[in-house]
Amino acid sequence: MRAKSDPILRVENVTMRFGGLVAVNDLSFVAGRGDITALIGPNGAGKTTVFNCITGFYKPTVGRMALRHGNIDIDSHVEKLTDTSRDSLNGTGGSLFLLERMADFQVSARAKVARTFQNIRLFSGMTVLENLMVAQHNPLMVASNWTLGGLIGLKGFHNREKEAIETAKYWLEKTKLIDRADDPAGDLPYGDQRRLEIARAMCTGPVLLCLDEPAAGLNPKESLELNALLRSIRDDHGTSILLIEHDMSVVMQISDHVVVLDYGTKISDGTPEEVKNDPRVIAAYLGAEDETEVQEIEAEVGL
Amino acid sequence: MERTEKPVINWGQLFKDGVFAAIVAFGLFALMLGFKTDQTLNNEMVLVPRPMLLWSVVGLVFLARIAIGYWQASREGRIAPPKKATALWMLKAEKYGLPMVIGFLVAYPMFVLLTAGPQGAIKWIDNFGIQILIYIMLGWGLNIVVGLAGLLDLGYVAFYAVGAYSYALFATSEPIKDFLAQLIGEGFWQAWAFWICLPVAGILAAFWGVMLGFPVLRLRGDYLAIVTLAFGEIIRLVLINWVDFSNGYAGISSIPRPSFFGVPFNATDEGFSAKFGLEFSPIYRTIFLFYVILALALLTAAVSMRLRRLPVGRAWEALREDEIACRSLGINTVNTKLTAFAIGAMFGGFAGAFFAARQGFISPESFVFLESAQILAIVVLGGMGSLLGVVIASILLVGGVELLRELDFLKLYFGDGFDPAQYRMLIFGICMVLMMLWKPRGLISAREPTVFLKEKKIVSADHVKEGHG
Amino acid sequence: MEVFVQQLINGVTLGAVYGLIAIGYTMVFGIIGMVNFAHGDVFMISAFISLIVFMAITAVAGFSGGVVFLALLVALVVSMVITALYSWTIERIAYRKLRGSFRLAPLISAIGMSILLMNFVQVAQGARNKPIPPIMRDTINLFERNGFQVAISYKQVMIIAVTAILLAIFWYVVQKTPLGRAQRACEQDAKMAALLGINVDRTIAVTFVMGAALAAVAGTMFLTYYGVVVFSDGFVPGVKAFTAAVLGGIGSLPGAVLGGMLIGLIETFWSAYFSIDYKDVAAFSILAIVLIFMPQGLLGKPEVEKV
């Protein structure tokens, strides 16, 4: 767990209200670079809302979310950046982004945070390969001289497009979808669609990958394969992962760090081992009211 | 097609349905067709009963209902051809059909000239050829906005109007003419106005596309359609009411006609016929106009085919599929939508400038909502995103309706008061409804991928989404 | 002040007509999420039916005060019934099969239907204006100041009264009867409503019928008020009524009436104080502005983007 030694994302006092409903309440946590950080909690705990805040789809009512590229020191720069009206800062060793100030597409384009969705959002009428090409829109757009060069058929764009196809092929092989590259995305079975969404997000070249319930609806074998894929993304590509997951076997096996939410509030934060033994977590999951009840339950399940 | 078992036809039920339909038809038409409101010579309103008409229509509905019921019953149990096969057929049609159609269009004026002679040919080249080509071009232009980007635009005619008025106003502008007369020479503007104004009209239309597109980007689906409709109407109403600017209802006349790159089409010694040693005839201008609009339309097609394979085109299609996913991938959806609006509008502007040049006269009457509806119907009927589909739909809708003007022989049956042209729009409306019932996704609905690894597989219409905004 | 009060009366009258049409748009949009583009033309047809019935009765029974009143009443009822039949048929033929298919298809079909209806009337009844002799010309003088008389005509009284009564009946049906409950259920979730035994097809058909009946009231009022109708009269009032529905918050019935009143008032005041030439521009501009800046309308529910 590298949350302290090498943070990539620092979420501070984030609160999100919808009218009178407080979906996320004063949430703070740090995700470490090269870690798989899992965000867990019962249904309706506000996990997806946190994701939507981080990826710019919602603007948090209050709070700050700082993401860094490279080795810029967050502590010494974040206040300075907050005082300006800008959303990012280039300093020694890297750059710092305030995600709450950025529009959704900029979070992906500039801060390099990619995401998947709980209810899969593929371009179902486009082929698998096309899905991955769309994900590389921004670099390809530059290579096509904002369409003008591409329109008259410049060589540079042609070469860059070939590179993009190579990147897509790499991720298709990695997700075992290469044989289905030319099929419409809507034709794929559910498990493949989940993996395609991850491949598509990876094609944007993210530093942080946010996965919203990637194992939902997968069978045990697919679930194991997913574990391997996520580990490889972390280990071979150095992409940090933020994960919402209900499947505890996935969470406990692959996460380096677990944050537990209940009714929008953080109730636990630590390594999987620490969280597993936290009485508040057990109470939240099993619905116990107070400490004594928790102890009774613990006794019952033999902890 | 095979059938699993012989369908059973329940004649009693068919008869009952027929009677029911006839009763409904009687209810609908008893007043509207049974009586005609007429004005007498002293301006009094009177009702003229038309029982024969009413009874024959009710009878027709009765028979039609039975026929439809029979047709439906006899189709029951048939196995539909597999979707993949249909999709493949569509790909082939697009691949081979489009070059064939283009080849036909290039040869069309010569063909008509040979078969109908110089006198008869003008009508066929102008009323059919040029008219249909204008709609093909408009359809291809709107296809970028509606078919690719999935943005439902019901006010496309506004850009057509912007193009037409830009050309008309610039070309008839006295100050520009005088200025250029001093600078380059008398007659220069008259001869070259079209070729100089054509790009200007396109740019102005694109500018208006961005202007009108910007505020409506957040809107989705039907709302977007209605706002674009409102914009189209506002532009038309301003053209009607701002008389100083546009000359109101009276419109703008004596708009210079396009020259053959500087050589005018007239009977003088400097004219096209004299220069090329031909006998003067208006047919040359018509043929030339045909090739100009053909070239413009093909430019539209070429650009939109090319754009589809560029990142911006893929982003349009992705936008049509899922806007939120687009944003999560770092695509600036505002810019992407605006480029679609601007490029679509630009081609509308080109077509408008051509229209003004061809007519020599324009007025707000040419830019009513019905035109927008017609263009949209062509795109949707053609199958969204399909270039060949737009061609077929234009020929069917515009050409078919135009053909009604030619049906003078019907007067022999229905009497001299019968004017087939009167039924044009009625039949057009019926066709729109029937076509949607028959093929809601259009004639060619399958989608061709823009890039592939091993083999190009066609995407059947079931997967392709229609966009939300 | 005097002009203001007079315009207020005129605006409310016009607003009643728009509100009645707007209900048809709003109900259909609420239940199947489609803009029933042909609704304006249904309204125009209803005015023609009223015209024919009115002419038939007065041709037979003369043109005395009592007969005129009775003729209008019969015209109203017949027009409501036949217009409802038109709307039912349109839904059955042009929309039902397309429900739940490709989203653009019903809209295109509706536009086609609008063109069809307009041109059907043109072919069947001719392209000329169809006037009726002036009726109910008497007015009630409310007050007079500075030589300007503020008056309300019997026509206006009748329009406002009939609108109010029918809205009350309609309101009762939608709010208090099983039919209204079924409609609201289909609005929320048609599939679930079907699973619970609600006949969705019939409920939707009834919605079209009710909307058309109210449009027929508007059509008869329109004919009485302006004394003339022409085949192309569906489009502009249709768009204005749709504007009213959107302004009030599409899907909301009180919103439709409120929106209708506002559009009627804006139009009359605009014509009175600014420029009559640009009154339609004003209506279309309001439509665009409302849709862009407050698409949920005045009384509608705001839509949250689901990620």
Side-chain angles (χ1 to χ4, degrees), chain B residues 24 27-33 35-39 45-47 146 152 154 215-216 218-219 221-227 229-231 233-234 237-238 240-241 324 369-370 373 376-377 380-381 384 422-437 440-441 461 466-468, chain C residues 29 33-35 45 48-49 51-53 55-56 59 78 82 85-86 89 93-94 97-98 101-109 111-126 128 130-133 235 239 242 246 275 277-278 280-281 284-285 287-288 291-292 295 305 307:
Chain B
V24 170
L28 294 177
F29 300 133
L31 292 171
M32 288 305 278
L33 288 181
F35 295 95
K36 178 156 174 23
T37 49
D38 245 336
Q39 228 156 357
M45 292 289 289
V46 286
L47 283 179
V146 179
L152 186 48
L154 269 184
V216 301
R218 299 183 308 147
L219 298 173
D222 294 354
Y223 275 19
L224 180 75
I226 301 291
V227 173
L229 181 158
F231 281 153
E233 284 296 292
I234 289 172
L237 290 166
V238 168
I240 289 175
N241 288 307
I324 287 175
F369 164 70
L370 196 66
L376 182 69
V380 175
L381 181 67
M384 300 222 307
Q422 208 190 342
Y423 293 85
R424 276 169 67 223
M425 293 321 288
L426 177 64
I427 292 174
F428 178 73
I430 295 174
C431 287
M432 261 171 96
V433 175
L434 290 183
M435 294 280 202
M436 279 301 108
L437 292 175
R441 304 217 53 149
E466 68 268 36
H468 299 278
Chain C
F29 192 92
M34 102 178 236
V35 178
I45 286 207
F48 263 94
I49 292 166
L51 171 81
I52 293 170
V53 174
M55 280 173 61
V78 173
I82 295 185
L85 185 64
Y86 267 92
T89 314
I93 293 177
K97 199 184 153 220
L98 296 175
S101 91
F102 185 56
R103 186 179 53 91
L104 278 179
L107 185 71
I108 300 289
S109 185
I111 293 173
M113 200 33 111
S114 163
I115 296 173
L116 192 166
L117 290 176
M118 193 162 93
N119 287 282
F120 161 68
V121 174
Q122 185 188 3
V123 168
Q125 297 292 337
R128 297 244 221 128
K130 304 287 170 182
I132 53 169
F235 182 65
V239 172
F242 180 76
V246 172
S275 144
D277 286 341
Y278 283 93
D280 290 348
V281 175
F284 283 113
S285 307
L287 174 63
L291 278 175
I292 292 165
E305 186 179 56
V307 179

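Reminder, nothing fancy here: chain letters follow the sequence lines and each chain counts from 1.
Annotation: side chain of C/Val246 is not in contact with side chain of B/Ile226 (no heavy-atom distance under 4.5 Å). Contact of the B/Tyr223 side chain with the C/Val35 side chain is not registered, since no non-hydrogen atoms from C-beta on lie closer than 4.5 Å. Side-chain atoms of C/Ile111 and B/Met432, non-hydrogen and from C-beta on, do get closer than 4.5 Å to each other.
Only the side chain of B/Val380 comes within less than 4.5 Å of a heavy atom of chain C; its backbone N, CA, C and O stay farther away. For chain C, no part of B/Leu381 is nearby; none of its heavy atoms comes within less than 4.5 Å. Only the side chain of B/Leu154 comes within contact range of chain C, with heavy atoms under 4.5 Å apart. At a 4.5 Å heavy-atom cutoff, the contact between B/Leu370 and chain C is made by side-chain atoms alone. Heavy-atom distances place no part of C/Pro133 under 4.5 Å from chain B, backbone and side chain included. C/Leu107 touches chain B through its side chain: at least one heavy atom from C-beta onward sits under 4.5 Å away, while N, CA, C and O do not. Proximity to chain B (any heavy atom under 4.5 Å) is restricted, for C/Lys97, to the side chain, taken from C-beta onward. In this structure, chain C has a heavy atom under 4.5 Å from the side chain of B/Ala225, while its backbone stays farther away.
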>> Could you walk me through whether B/Val227 and C/Leu287 satisfy the side chain to side chain contact (heavy atoms under 4.5 Å, CB included) test, starting with their C-alpha distance in whole Å, then the side-chain angles of each, then the deciding distance to 0.1 Å, before giving a yes or no?
In response: CA-CA 7 Å; B/Val227 173; C/Leu287 174 63; 5.7 Å; no

> What's the verdict on side chain to side chain contact (heavy atoms under 4.5 Å, CB included) for C/Phe48 and B/Leu31, showing C-alpha distance, side-chain angles and the deciding distance?
Replying inline: CA-CA 9 Å; C/Phe48 263 94; B/Leu31 292 171; over 6 Å; no

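Looking only at heavy-atom pairs under 4.5 Å with chain B, the residue among C/Val53, C/Leu85, C/Leu51, C/Val281 that has the most is C/Leu85. No other option in B/Met436, B/Arg424, B/Gln39, B/Met435 has as many heavy-atom pairs under 4.5 Å with chain C as B/Met436. Note: B/Ala230 leads B/Ala373, B/Cys431, B/Ala230 in heavy-atom pairs under 4.5 Å with chain C. Note: C/Pro131 leads C/Gly33, C/Ala59, C/Pro131 in heavy-atom pairs under 4.5 Å with chain B.
The aromatic rings of B/Phe29 and C/Tyr86 lie perpendicular to each other, with more than 60° between the two planes, well past the 30° mark.
When all heavy atoms are compared, the tightest approach of B/Gly27 to C/Ile82 is O-CG2, 3.7 Å. For the pair B/Val433 and C/Ala94, the tightest heavy-atom approach, listed with the atom from each and the gap, is CG1-CB, 3.8 Å. Nearest heavy-atom pair across C/Leu98 and B/Pro440 is CD2-CB, 3.9 Å.
Of the inter-residue distances, the one linking C/Ile108 atom CD1 with B/Leu376 atom CG reads 3.5 Å to the nearest 0.5 angstrom.
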Identify all side-chain donor-acceptor contacts of residues 112-126 of chain C below 3.5 Å with residues at least two apart in sequence or on another chain.
residue: C/Ser114; atom: OG; partner: C/Asp41; partner atom: OD2; Å: 2.7
residue: C/Asn119; atom: ND2; partner: C/Ile115; partner atom: O; Å: 2.7
residue: C/Gln125; atom: OE1; partner: B/Thr37; partner atom: N; Å: 2.9
residue: C/Gln125; atom: OE1; partner: B/Thr37; partner atom: OG1; Å: 2.9
residue: C/Gln125; atom: NE2; partner: B/Met32; partner atom: O; Å: 2.6
residue: C/Gln125; atom: NE2; partner: B/Phe35; partner atom: O; Å: 2.8

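With sequence neighbours excluded, the residues that form a side-chain contact (heavy atoms from CB on, under 4.5 Å) with B/Asn241 are B/Leu237, C/Asp277, C/Tyr278.
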